[in-house]
Amino acid sequence: MLTFALLTVAAVQDAPPPAPVKLVVPPGACKPTIDGAAVTLDGLRAATAQWVAAKREVRFEPDAKADPACMQDVLKLLAAAGAGERFPIAFVENEAYSGVEGG
């Protein structure tokens with residue numbers, strides 16, 4: 001007696017990638033925003049762990065008038081989290097920087 005196993009292969013569809021995160025460093029106090037919600041640097045650090053797990057793209061959009069010390073803190077935090085290696089990051093062009101040497 002012969003027995004045959006019937007294997008049905010269903011088309012596997014990749015889930016669409018999650019929507020990118022919009023990270024903004026506004027002018028004034030060091031209050032970066034994630035998708036419009038202000039966070040502390042500790043809150044940003046916690047969010048990066050989620051971005052790593054989901055491999056979410058981060059669209060980084062600093063304001064041209066953002067505090068340089070805040071920008072440095074945010075960039076250090078992103079580097080420590082592995083931005084570019086553990087999750088994708090894109091720098092959104094800021095027209096206020098156009099015409100600046102090296103920009």
Side-chain angles (χ1 to χ4, degrees):
M1 174 185 252
L2 291 174
T3 305
F4 293 97
L6 181 59
L7 177 65
T8 304
V9 179
V12 177
Q13 294 181 346
D14 292 331
V21 174
K22 183 177 180 182
L23 173 60
V24 175
V25 179
C30 192
K31 294 282 186 188
T33 64
I34 299 173
D35 293 331
V39 294
T40 63
L41 291 177
D42 286 336
L44 179 57
R45 185 176 293 108
T48 61
Q50 296 172 358
W51 301 339
V52 168
K55 300 222 184 288
R56 289 192 66 187
E57 178 184 345
V58 175
R59 295 195 178 163
F60 184 54
E61 188 174 346
D63 189 282
K65 295 180 182 176
D67 177 29
C70 181
M71 285 288 299
Q72 186 175 18
D73 290 343
V74 170
L75 289 170
K76 283 181 183 178
L77 197 147
L78 291 172
E85 296 171 10
R86 299 175 71 200
F87 61 91
I89 186 164
F91 288 85
V92 177
E93 183 179 349
N94 185 323
E95 292 177 10
Y97 286 117
S98 63
V100 176
E101 186 174 330

Report, one line per pair, each donor and acceptor closer than 3.5 Å where one atom sits in a side chain of residues 37-48; sequence neighbours left out.
from, atom 1, to, atom 2, distance (Å)
T40, OG1, D42, N, 3.4
T40, OG1, G43, N, 3.0
D42, OD1, R45, NH1, 2.7
T48, OG1, R45, O, 2.6

With sequence neighbours left out, write down each residue that passes salt bridge (charged side-chain N to carboxylate O under 4.0 Å, His left out) with R59, or none if nothing qualifies.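 Partners of R59 by the salt bridge (charged side-chain N to carboxylate O under 4.0 Å, His left out) criterion, ordered by chain and then number, come out as E57.
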Identify, with sequence neighbours excluded, every residue that meets side chain to side chain contact (heavy atoms under 4.5 Å, CB included) alongside P18.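 If we apply the side chain to side chain contact (heavy atoms under 4.5 Å, CB included) test to P18, skipping adjacent residues, the hits are R56.
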Tell me every residue that passes side chain to side chain contact (heavy atoms under 4.5 Å, CB included) with K22, counting only those two or more places apart in sequence or in another chain.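 Side chain to side chain contact (heavy atoms under 4.5 Å, CB included) list for K22, sorted by chain: V24, D35, E61.
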Residue pair [X] / [Y]: nearest heavy atoms and the distance that separates them:
{"X": "D63", "Y": "P27", "answer": "CG-CD, 3.5 Å"}
{"X": "L23", "Y": "P32", "answer": "CD1-CB, 4.1 Å"}
{"X": "A81", "Y": "V52", "answer": "O-CG2, 3.7 Å"}

For a 4.5 angstrom cut-off between non-hydrogen side-chain atoms, does [X] reach [Y]?
{"X": "F60", "Y": "V92", "answer": "no"}
{"X": "F87", "Y": "L78", "answer": "yes"}
{"X": "W51", "Y": "I34", "answer": "yes"}

Pairwise disulfide bond (SG atoms under 2.5 Å apart) hits with a residue in residues 55-86, at least two apart: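 Disulfide bond (SG atoms under 2.5 Å apart) check on residues 55-86 returns C30-C70.
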If you look only at pairs with a residue in residues 66-85, which of them pass as a salt bridge (Lys or Arg N to Asp or Glu O under 4.0 Å), with sequence neighbours excluded?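 Every pair satisfying salt bridge (Lys or Arg N to Asp or Glu O under 4.0 Å) with a residue in residues 66-85: there are none.
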